[in-house]
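When a ligand or atom number is given, it counts from 1 through the structure's own listing order.
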Amino acid sequence: QGAMSAFDYKDVIQEGDLALVWVSRDNIKPIVVDPKAMFNTRYGSFSHSSMIGKPYGSQIAIRTKGQNRFSFIHVMQPSAELWTLSLPHRTQIVYTPDFSYIMQRLNCNPSSRVIEAGTGSGSFSHAFARTVGHLYSYEFHSIRYEQALQEFKDHGLENVTLTQRDVCSDGFLIKEGNNTSFDFAKRSIKEVNIHANAVFLDLPAPWDAIPLLDEVIAKNEKVGVCCFSPCIEQVDKSIEILEKCGWKNIQMVEIQGRQYESRRQMVRTLDDALERLRDVKRRKEEGIERRKKMYDAVLKDEPAGEDSIDRPQPPKTKFNPFGKGIRVKEGDEHYQWKQVTRVEPEIKSHTSFLTFAFKVVDKTRYLNE
Ligand code: SAM
């Protein structure tokens, strides 16, 4: 194992750490902890020095400007999941509901050698880097390539090789002289032995890259591929090529991420409904009476605005399950409750189709078994 990665587990926030500041569920910001720096929010500024020495996960509070209130943030340790929610977007990205499923289907583990194209914003690359043995990631856009190169270096992702390449025209082989992070000077080889056993293609035209996989995939084990495409026409085209190239067990899946919230709802009886209608009627009649009194006063030229009229106070509604009235705490044992679920629709997930396929090039081992 080499130097610490920014994603390795640690307990305490220290100077120079990459930390993720949780402001709210959809506002998480990466910072590099610097004792001289401030983290600014619209509620006020938090000094990084107030974070140093505290355990990860700590809440940092400040008094809000001008008011006697507190505002707070949480300082989180980076994980692939939180990084995906906070990273600087340079492209569309793959979110956790998709990447966790894909890694499981491709049987990713510490002995996996994975090909990924294109790198994009590096969202999936971080998840792969945490789990697999080695990741070979390809990106043809030169600025995105440079940004990812710097980011992976800053985060200490040592098991990632990044190569600048159009994989659809030039394939996946990495040779000396290519624009790549692979350090040929350190090794006495001229070409990288990739032997990939898992492939993830997030490209507009995966069908152009699929035929070029044969020269880099492992021959003596089962290899899985996943194509991530937003349109069914792309799925169709990829499947045609996968079949032509000898990939088997082709299956298409779509992930629909949903968060279910469990809560209790008050049981409303017929008597409650009748009581509610009586209440509406009573209030209506009282209103008519009050208005009549007011008009009479105006006609008699008496100085009577609405306020001076002796407004009859309706008896305080004790319990009204349909709205107004006293508030009842969820689960109050004096009432009857039923367990319900509520779906939160706003989970972040990019709805693309996932096409999986598998291939065993050299079947001799399988035939002998
Ligand atoms: N999976 C990435 C993530 O989670 O951040 C996002 C990938 S983004 C949608 C697609 C990337 O593929 C873009 O950055 C694009 O420049 C790159 N790309 C498109 N065609 C390519 C090709 N033929 N060779 C290499 N990279 C390509």
So for ligand 1, is [X] a polar contact partner (N or O within less than 3.5 Å, distance only)?
{"X": "L203", "value": "no"}
{"X": "F200", "value": "no"}
{"X": "A117", "value": "no"}
{"X": "I93", "value": "no"}
{"X": "T91", "value": "no"}

Need the ligand 1 atom indices (1-based, order shown) with element for anything under 4.0 Å from a heavy-atom of [X].
{"X": "Q92", "answer": "6 (C), 8 (S), 9 (C)"}
{"X": "S121", "answer": "5 (O)"}
{"X": "V94", "answer": "1 (N), 3 (C), 4 (O)"}
{"X": "D166", "answer": "22 (C), 23 (N), 24 (N)"}
{"X": "C168", "answer": "23 (N)"}
{"X": "H141", "answer": "16 (O)"}
{"X": "D202", "answer": "1 (N), 2 (C), 6 (C), 7 (C), 9 (C), 10 (C), 12 (O)"}
{"X": "P204", "answer": "19 (C), 20 (N)"}

Could you verify whether a donor N or O on one side chain and an acceptor N or O on the other, from [X] and [Y], lie under 3.5 Å apart?
{"X": "T341", "Y": "E261", "value": "no"}
{"X": "D271", "Y": "T269", "value": "no"}
{"X": "R105", "Y": "Q251", "value": "yes"}
{"X": "D98", "Y": "T96", "value": "no"}
{"X": "S123", "Y": "T84", "value": "yes"}
{"X": "H195", "Y": "N193", "value": "no"}

Looking only at protein heavy atoms, which one is nearest to [atom], and how far off is it?
{"atom": "atom 20 (N) of ligand 1", "answer": "F140 CZ, 3.4 Å"}
{"atom": "atom 25 (C) of ligand 1", "answer": "R165 O, 3.1 Å"}
{"atom": "atom 12 (O) of ligand 1", "answer": "G118 CA, 3.4 Å"}
{"atom": "atom 13 (C) of ligand 1", "answer": "R144 NH1, 3.3 Å"}

Is there side-chain contact between [X] and [Y], with heavy atoms separated by less than 4.5 Å?
{"X": "T180", "Y": "T161", "result": "yes"}
{"X": "C227", "Y": "I210", "result": "yes"}
{"X": "D17", "Y": "V32", "result": "no"}
{"X": "Q339", "Y": "S262", "result": "yes"}

Heavy-atom nearest option to atom 14 (O) of ligand 1, drawn from Q164, H126, E139: E139
Selected option - heavy-atom contact closest to atom 24 (N) of ligand 1, from L87, I143, V167: V167
NZ-OG distance between K36 and S49, expressed to the nearest 0.5 angstrom: 11.0 Å
Plane angle bin for F358 and F356 - parallel if under 30°, tilted between 30 and 60°, otherwise perpendicular: parallel
Aromatic ring proximity F7/H155, centre distance under 6.0 Å: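 Ring centres of H155 and F7 closer than 6.0 Å.
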Per-residue contact class, R90 against ligand 1 - non-hydrogen pairs under 4.0 Å: neither
Sub-4.0 Å heavy-atom contact, T119 with ligand 1: yes
